[in-house]
**Q** 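Questions regarding the structure given below will be posed in turn.
The analysis underlying the following values was restricted to heavy atoms, covering all of them including side chains, and did not include hydrogens, waters or symmetry mates.
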Amino acid sequence: KSLLLDKYGKQEKAKNIKWKMTRVRDKILYAGAYSNGKREGRGMMINNDGSVYKGEYKNDKIEGTGIFKWKDGREYTGEFKGGRMTGKGIEKYANGDVFEGKFKNNHKQRGVMRYTNGDVYDGEWKNQKKQGHGVMKYANGDVYDGEWKNNRKHGGEMRYADGKIVK
């Protein structure tokens with residue numbers, strides 16, 4: 001059994017896999033399984049920008065489940081299709097915010113965003129902004145339930161912690 005030391009210092013056992021370390025397009029360092037000259041199965045990729053992907057490949061593309069870590073501290077764990085975050089996943093941000101839900105082509109679609117200040121948004125997203133129906137529960141006890149447009153409340157009902165309701 002061979003061992004692979006990842007960028008974060010963890011050792012990963014490589015069972016029944018012939019690991020190959022190679023440069024891809026002079027920008028990427030890849031260590032992982034190959035089949036017919038293509039990345040296939042489990043592997044790890046380190047990009048020149050410092051980002052790291054560890055997970056599944058199919059037909060030379062990121063496909064299946066994996067973890068992608070950016071140099072700025074952001075991290076995505078979940079499903080990939082055609083090299084993009086697509087399907088169920090969890091995205092953690094460097095500031096501590098966490099989104100869990102559905103992604104399509106690297107964009108949030110629907111899910112729950114938990115902010116470090118205690119606010120929680122459960123709803124729809126478009127172009128990385130709150131868009132469509134959603135419920136925002138604020139840390140102070142206020143709750144907004146309604147439509148969002150371009151990250152702003154757009155109609156709906158605001159229930160304040162003191163019992164006041166504004167429609």
Side-chain angles (χ1 to χ4, degrees), residues 6-8 10 24-25 27-28 30 32 38-167:
D6 73 15
K7 185 176 180 180
Y8 302 99
K10 297 177 190 169
V24 179
R25 296 183 300 276
K27 296 180 181 178
I28 300 168
Y30 172 78
K38 295 182 179 182
R39 295 173 289 179
E40 189 79 33
R42 298 213 34 94
M44 184 179 76
M45 167 182 73
I46 302 171
N47 293 303
N48 281 347
D49 64 6
S51 61
V52 176
Y53 171 76
K54 190 174 176 181
E56 298 175 330
Y57 288 83
K58 186 174 183 180
N59 200 27
D60 214 36
K61 292 186 180 175
I62 294 173
E63 185 93 25
T65 58
I67 301 170
F68 199 102
K69 296 181 180 186
W70 287 264
K71 191 176 180 179
D72 66 6
R74 188 167 51 114
E75 177 182 309
Y76 172 82
T77 302
E79 299 173 341
F80 291 85
K81 186 169 182 158
R84 296 179 168 269
M85 300 181 303
T86 298
K88 294 179 184 176
I90 299 170
E91 189 170 21
K92 297 177 183 176
Y93 298 85
N95 68 357
D97 294 346
V98 177
F99 175 82
E100 183 171 356
K102 290 182 122 184
F103 291 79
K104 186 174 181 183
N105 293 321
N106 291 338
H107 293 286
K108 296 184 280 289
Q109 297 292 300
R110 172 129 191 38
V112 177
M113 174 71 93
R114 297 181 195 289
Y115 297 93
T116 54
N117 66 0
D119 295 347
V120 177
Y121 173 76
D122 184 351
E124 299 171 336
W125 295 78
K126 185 175 182 183
N127 297 323
Q128 302 300 80
K129 295 180 180 181
K130 294 183 241 0
Q131 181 85 16
H133 186 265
V135 176
M136 175 70 90
K137 294 180 181 176
Y138 296 92
N140 67 1
D142 296 347
V143 177
Y144 172 77
D145 185 344
E147 295 299 309
W148 292 80
K149 190 172 186 178
N150 201 25
N151 248 7
R152 295 177 173 236
K153 298 176 199 125
H154 188 73
E157 178 179 275
M158 187 72 191
R159 295 183 304 256
Y160 292 93
D162 65 7
K164 181 180 174 184
I165 298 174
V166 177
K167 292 185 180 192

**Q** Closer than 3.5 angstrom, by distance alone: can the side chain of D60 be matched with the main-chain N or O of R39 as a donor-acceptor pair?
**A**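 A pair under 3.5 Å: yes.
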**Q** Of the non-hydrogen atoms in F103 and Q109, which two are nearest, and what is the gap between them?
**A**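 It is C-CG, 3.9 Å.
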**Q** Is there a donor-acceptor contact under 3.5 Å from the side chain of N47 to the main chain of D49?
**A**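 Not at all, since once roles are kept as given, no pair shorter than 3.5 Å links the two residues.
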**Q** Begin from the C-alpha positions of I62 and Y57 and carry the test side chain to side chain contact (heavy atoms under 4.5 Å, CB included) through to its verdict.
**A** CA-CA 5 Å; I62 294 173; Y57 288 83; 3.7 Å; yes
**Q** With a 6.0 Å cut-off (strictly less than), is the heavy-atom count around NE2 of H133, excluding the residue itself, greater than 12?
**A**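 Counting neighbours around NE2 of H133, more than 12 heavy atoms of other residues, nucleotides or ligands fall under 6.0 Å, so yes.
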**Q** State, to 0.1 Å, how close M85 and N106 come at their nearest heavy-atom pair, and which atoms those are.
**A**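 Closest heavy-atom pair between M85 and N106: N-OD1, 2.7 Å.
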**Q** More than 12 foreign heavy atoms under 6.0 Å from CZ of R74: is that the case here?
**A**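 Correct, the count exceeds 12.
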**Q** For residues Q128 and F99, determine if any side-chain heavy atom of one lies less than 4.5 Å from a side-chain heavy atom of the other.
**A**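 They are not in side-chain contact.
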**Q** A cation-pi test, strictly: NZ or CZ of K130 under 6.0 Å from the centre of the six-membered ring of Y121 and no more than 45 degrees from its axis. Yes or no?
**A**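 The answer is yes; both the distance and angle limits are met.
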**Q** Kindly indicate, with the supporting measurements, whether the criterion side chain to side chain contact (heavy atoms under 4.5 Å, CB included) is fulfilled by F68 and M45.
**A** CA-CA 9 Å; F68 199 102; M45 167 182 73; 4.2 Å; yes
**Q** Do the two ring centres, one from W70 and one from Y76, sit under 6.0 Å apart?
**A**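 For W70 and Y76, the ring centres are not under 6.0 Å apart.
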**Q** Please step through salt bridge (charged side-chain N to carboxylate O under 4.0 Å, His left out) for the pair D122 and K137, ending with a clear verdict.
**A** CA-CA 8 Å; D122 184 351; K137 294 180 181 176; over 6 Å; no
**Q** For E157, is there an ion pair with K167 - N to carboxylate O distance below 4.0 angstrom?
**A**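 E157 and K167: salt-bridged.
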**Q** Using every non-hydrogen atom in the two residues, find where V143 and Y138 come nearest and quote the distance to one decimal.
**A**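 Residues V143 and Y138, closest heavy atoms: N-CD1, 4.5 Å.
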**Q** Heavy atoms, side chains only, cut-off 4.5 Å: are Y93 and M113 in contact?
**A**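 Y93 vs M113: side chains touch.
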**Q** Do K38 and N59 come within less than 4.5 Å of each other through their side chains, counting heavy atoms only?
**A**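 Sidechains of N59 and K38: in contact.
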